[in-house]
Amino acid sequence: MSKEIVDLLADCLEINDKKGAAPLDYRQQAGERSAELEELVRLAETLKASPQVTPTAHFRAQARRRLLARLPERAAQPSRLREALTALHQLSALFAYKRRFSLAPLLLLAITTVLLLSVGVVHASASSLPADTLYPVKTTLEEMQLALAPNKIRYGELHLKFAGRRLEEIGILSQYGPGEAIPMTVAYYVNHIEAVQTVVTETPGATDLAETFNHVSSQQEIVLAHLQQSTGATVGVDEALIAVARGRSVARGVMLGRARQPAAQAQLRLQFATDRLAAANTFAAIGQVELADLALIDYSLQVEAAVYLVGQADQDHRQELAGLMAQTLTNHETVLAQVGTRVPNHSQLALQHAREVSAHGRAVVEAVKQGASPPPRQQPGRPENRPGNAPANPGHRPVTPEPPGSRKIIILGEA
Amino acid sequence: MPAGYQDMPEAKLVTRAIQGNKEAFGDLYEMYLNPIFRYIYYRVHNNADAEDLTETVFLKAWEALPAYQISEAPFKAWLYRIAHNVIIDQYRLFRYESSLESQPFLYDDELGPEEKATSQENNERLFEAFSQLEPAYQEVLSLRFISGLSHAETGSVMARSAGAVRVLQHRALHALRNCLEKQTKQK
């Protein structure tokens, strides 16, 4: 089987997954197999268009109540540390009792106990928190896993996994109010995120990891924003927010490098814009106005870049791309209106700018749809390639060059 | 749907559900009821079975939640993984056969009578071909195109790498195309 056709098909479907567009610049690359590629893509689209079946209305009406009634109560789980200590205490008592009678069985018991405790301690350490006695066991095990990682990508994946653990720990710790353990855990979290960023930056072929990193960092940003908002914790959380924003920026750079053509890059930019707009909406909903502003600024930059790339796309795909963008930007208008109801009046500058950029983008792509050439326009800001940031596209094919920019907007983590 | 549910990020709901909050789990249930039902329905081809199995998936998810770690896999992929296992268990008990009475590709109420007839005929052929594919092919097509999961998410559900999913997807679409061609020749 040709690896090339597998990847072309997957890339093509991936783009369609995101935007529902027809395949763009892959037909040429497929050469004599372009007919086959198109047929398979069409088949996939037919499957996607299969009717949206749902449970019956009767089932849906009762579903939640019935399920909740069937859920067994989950007893509060005793701390594994406490369990381990209790077991240790009981074994010690047994040992003291036996000492008075014989030594041989005691030796056997001691060996068994050490073995059992080793397993128990490792197991118990999994749920330990930074302030717990067993926490160093947990971090040592993680370090061992990192040291044994068979390659750089796995190493990066492990750091991303451990960053998720640190975030969970921060969440639990913050429920007990501020404490010294929180800033320390945030620092560990930032270290993990930076390590992933380094792997993504320096390892050719880490595109899947970059995609996951982009997705996870956006999710974690929202969790951090919630933590900050609900607990009022500021120590270190700002730093963590900057780290995830920077990581996301680097991951995007790698993703853009993988998308070889302007049309594909435009679609990615549009996807980033959609993600940022959703984040802005969430931030606005939870009262994180400043983060909402930053997300909106980022949104505007991504839309500007996407619109610019429409002009760079070859004639064959330009109209198709314009149609897709027009539809997406129209959808954005609804979300922007929703954000408008959530952002206070004194902080609507970024929103206003985002609306203008979106409206301008729509006007441009509508004109392109009618057959007009896209108007020349200054290069939009490129957050991924600003000075002071890690290289946006390390070890990968270069991103389609954009003309020199004039706008200077500071984005979280990209100043 | 409870008020405020749309504004609460999934991760927070999941964290609360892990801590034993049934209402948070109820919110997650409402979020994922339709997608999980759809995924199951296209595999078992029967509405009542799909409803029962959907509920089973969420009961199992509730039991397994204390062991779930947000950092291990996205909640959606984790849930689909449970659904995948539930379907496999169900396959061990019953062998699902396609039947004209329960073909999910048949219905589309938005079409006119003539279009509906053509669409039904095409869908019937597609479904027949789909149901002849080996389970792994059905699985990858179902997760990718009916449930809309990404390559990485599908890999997470099927315990394969994203690269392996890309290859499997290509083979599955090829197999489906071959089945459809075979049908045409037979007619």
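Lettering of chains follows the sequences in order, A, B, ..., and the numbering in each one begins at 1.
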When rounded to the nearest 0.5 angstrom, what distance separates [atom1] in [X] from [atom2] in [Y]?
| X | Y | atom1 | atom2 | value |
| --- | --- | --- | --- | --- |
| A/Arg66 | B/Tyr29 | CZ | OH | 6.0 Å |
| B/Lys12 | A/Ile286 | NZ | CD1 | 7.5 Å |
| A/Phe59 | B/Asn47 | CZ | CG | 9.0 Å |
| B/Leu176 | A/Leu43 | CG | CG | 4.5 Å |
| A/Glu36 | B/His170 | CD | NE2 | 5.0 Å |
| B/Phe37 | A/Thr56 | CZ | OG1 | 7.5 Å |

Side chain B/Arg166, main chain A/Leu8, donor-acceptor under 3.5 Å: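 No, B/Arg166 side chain to A/Leu8 backbone: no donor-acceptor pair under 3.5 Å.
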
Side chain B/Lys22, main chain A/Leu71, donor-acceptor under 3.5 Å: yes

Side chain to side chain contact (heavy atoms under 4.5 Å, CB included) between B/His151 and A/Glu211, intermediate numbers included: CA-CA 11 Å; B/His151 291 118; A/Glu211 202 172 325; over 6 Å; no

Would you indicate whether the side-chain heavy atoms of [Y] and [X] approach each other to under 4.5 Å?
| X | Y | value |
| --- | --- | --- |
| B/Phe145 | A/Leu13 | yes |
| A/Leu68 | B/Glu23 | yes |
| B/Asp27 | A/Arg64 | yes |
| B/Leu33 | A/Pro55 | yes |
| A/Val223 | B/Thr15 | no |

Proximal component of A/Ile222, with respect to chain B [non-hydrogen, under 4.5 Å]: side chain

Basic-acidic side-chain contact under 4.0 Å: B/Glu30, A/Arg60: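 Here B/Glu30 does not pair with A/Arg60 in a salt bridge, since their nearest N and O are not under 4.0 Å apart.
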
Whether over 12 other heavy atoms sit under 6.0 Å from B/Tyr137 OH: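 Check passes, neighbour count above 12.
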
Minimum heavy-atom distance between A/Asp208 and B/Ala162, given as atom pair plus value: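 Looking at all heavy atoms of both residues, the shortest contact is OD2-CB, 3.8 Å.
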
Closest contact, heavy atoms only, B/Ile146 versus A/Leu47: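 Closest pair (atom of B/Ile146, atom of A/Leu47, distance): CG1-O, 4.0 Å.
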
